[in-house]
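Remember, it's 1-based here, ligands and their atoms both numbered in the order they're listed. Note that the numbering runs from 1 along the sequence shown for the chain.
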Amino acid sequence: MLRLFNSLTRKKEVFAPLKPPDVGFYACGPTVYGYIHIGNLRTFIFEDLLRRYLKYKGFKVTQVMNITDIDDKTIRRSNEEGIPLSEFTARYEKAFFEDIKAMNIEPAEHYPRATEHIDEMVSLVKQLIDGGYAYEQDGSFYFDVAKFKPYGALSGIEPGSTKTRSRIDQDEYEKQDVRDFALWKAKRENEPFWETEIGPGRPGWHIECSAMSMSYLGETFDLHTGGVDNMFPHHENELAQSQAATGKPLARFWLHSEYLLLDKSKMAKSMGNIYTLRDILALGYKARQLRYLLLSSHYRKQLSFSLDLLEQAGASLCRIDDFVRNLRSAGTFDADSPELAEATEKCRSRFEEAMDDDLNISKALGVLFTFIRTVNERLQESGISGGDRANIEALLTKLDGIIGVLELGQEDEMPAEVRELIDKRQEARESKNWKLADEIRDQLKEHGIVVEDTKDGVRIKRL
Ligand code: AMP
Ligand code: ZN
């Protein structure tokens, strides 16, 4: 049974979707005003792991990840460059898709762009005006936080005195600082705008996610995720304005991944302490190494990035790759091993047990490495039956559906010539022609293949 830590209740809860087996899942996507950094990727990898594990458990996932292609930051940067907003954001949207593909992140079902959902945002603001939750000031509309009693339930931040509360136009503002936030921003010089029923202007950032999530997933859906920095004010505001409009909870489970740090601070574009995937690749590392590193520690723990850790991730992947190679090149026997069958099943069930516990991936990977050690010992001592090998390969394929870091597709087949020599040697041995068998053994060595005759049969190894 899958249990997930729900930020809203601050507890691990059994995850059961509203309409099994369907799962509606909204993940806050990138603001496309520059290349994404590997801190963003940590959150996207966590969401990928969650998505893949839900699928492994048999759920049918509909994941929506928005593209924030209009907000304060995108407008400011495109103005600085002097190019139209759509041209500016298209550049970074393209880069985002390239990066997540390189990281083997499974595509979501929908990637809605904010600029293509203005009508939905306007009707949501209208609903809030009609319900008395929003008010107008100089052509902009603000959410009246004092009217929504549960405000603060998600982040635990108290709204405080309503008399002193002020309005805020910026999309992003100080942690702990509760304000009436902008739902709709009146037309301003040098800003794109839409002529709408509520006047000319453009949406605030928070209303974008409420409108897009509900239009794809309905008024209440199962999962809403993002990095911890999204919790306040973004998710708190999303929750407030959606629930105020519909009278229903927006999401049932809210999950937040912790920060990727660099030099003890949150990796953030505004701080300048970032690496992009492109930087990592330019240093000679592989995307797969970065994926393993970001994936392998628990999503609710902070992770301090370093190139050393990237090296270690590479070493772990090498151990797995060597194992796959050993497994494929080991000598085979007829008899299946009950111990190996048991170890394989144990690995599957323990891996799943760890993942069921709020996606405890570090524990799950520990289970996999213990299994690898057991099988490697066995491969060294003797060999493996074809059945056992197929069983283990099937398990690795299944687990890689969750972690997405193994390279199982590249089995290096024995050349036909080598296969023929092995068969010929076998025939020679059966007719007790030891001289010929030895000659063939030498020929095989030239092909980099060592054959050993053991009490259980012939064992074939690659040099
Ligand atoms: P943004 O494009 O800034 O809206 O961020 C996209 C996603 O990355 C959001 O879910 C953020 O919470 C997340 N994020 C941003 N910085 C970090 C970081 N240093 N570590 C982990 N997640 C982050
Ligand atoms: Zn969002």
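For the Zn ion (ligand 2), the count of nearby protein N/O/S atoms, taking only those under 2.8 Å, is 3.
Note: Tyr173 and Phe181 fail the aromatic proximity criterion, with ring centroids not under 6.0 Å apart. The six-membered or imidazole ring of Phe96 lies near that of Phe44, with a centre-to-centre distance under 6.0 Å. Taking the six-membered ring where the residue is Trp, the centroids of Tyr275 and Phe305 are separated by under 6.0 Å. Taking the six-membered ring where the residue is Trp, the centroids of Tyr151 and Phe148 are separated by 6.0 Å or more.
If you number the atoms of ligand 1 from 1 as listed, the ones under 4.0 Å from a heavy atom of Lys266 come out as 16 (N), 19 (N). Against a heavy-atom cut-off of under 4.0 Å, Pro30 is close to the following atoms of ligand 1: 2 (O).
Looking at ligand 1, you won't find any N or O of Val228 less than 3.5 Å from one of its N or O atoms. Taking only nitrogen or oxygen atoms, main chain and side chain alike, Tyr259 does not reach within less than 3.5 Å of ligand 1. At under 3.5 Å, a nitrogen or oxygen of Gly39, whether backbone or side chain, sits near a nitrogen or oxygen of ligand 1. Ligand 1 has a nitrogen or oxygen under 3.5 angstrom from a nitrogen or oxygen of Asn230. Distances between N or O atoms of Ala268 and those of ligand 1 include no value under 3.5 Å. For a threshold of 3.5 Å applied to N or O pairs, the pair formed by Gly226 and ligand 1 contains no separation below that value.
Counting only non-hydrogen atoms, the option in Thr225, Ile274, Thr43 that gets closest to atom 13 (C) of ligand 1 is Thr43.
With no hydrogens or angles considered, a side-chain donor-acceptor pair links Tyr135 and Asp180 at under 3.5 Å.
Neither the backbone nor the side chain of Lys269 comes within contact range of ligand 1; no heavy atom lies under 4.0 Å. Heavy atoms from both the backbone and the side chain of Thr31 come within less than 4.0 Å of ligand 1.
Across all non-hydrogen atoms, the minimal contact from Arg300 to Glu258 is O-CG, 3.4 Å. When all heavy atoms of Ile70 and Ile75 are compared, the pair lying nearest together is CG1-CD1, 4.0 Å.
If you take CD1 on Ile361 and NZ on Lys363, they are separated by 12.5 Å, rounding to the nearest 0.5 Å.
Inter-residue side-chain proximity for His37 and Leu260 is flagged as unmet; no heavy-atom pair is nearer than 4.5 Å.
Using a 4.0 Å heavy-atom cutoff, Ala27 is absent from the residues neighbouring ligand 1. Contact analysis leaves His256 out of contact with ligand 1, as no non-hydrogen atom separation drops below 4.0 angstrom. Using a 4.0 Å heavy-atom cutoff, Ser257 is absent from the residues neighbouring ligand 1.
Sorted by first and then second residue, the side chain to side chain donor-acceptor pair (under 3.5 Å) pairs involving residues 245-256 (not counting sequence neighbours) are Ser7-His256, Glu219-Lys248, Asp222-Arg252, His235-His256.
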Checklist entry - Do Glu93 and Tyr111 pass the side chain to side chain donor-acceptor pair (under 3.5 Å) test, and can you show the C-alpha distance, the side-chain angles, and the key distance before you say yes or no? => result CA-CA 10 Å; Glu93 184 188 298; Tyr111 288 103; over 6 Å; no

Next on the checklist: Working note: Asn376 + Thr374, criterion side chain to side chain donor-acceptor pair (under 3.5 Å); need CA distance, chi angles, decisive distance, verdict.
Outcome noted: CA-CA 6 Å; Asn376 265 338; Thr374 309; over 6 Å; no

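Relative to the six-membered ring of Tyr35, Lys269 misses at least one condition, a distance below 6.0 Å or an angle of at most 45° to the axis.
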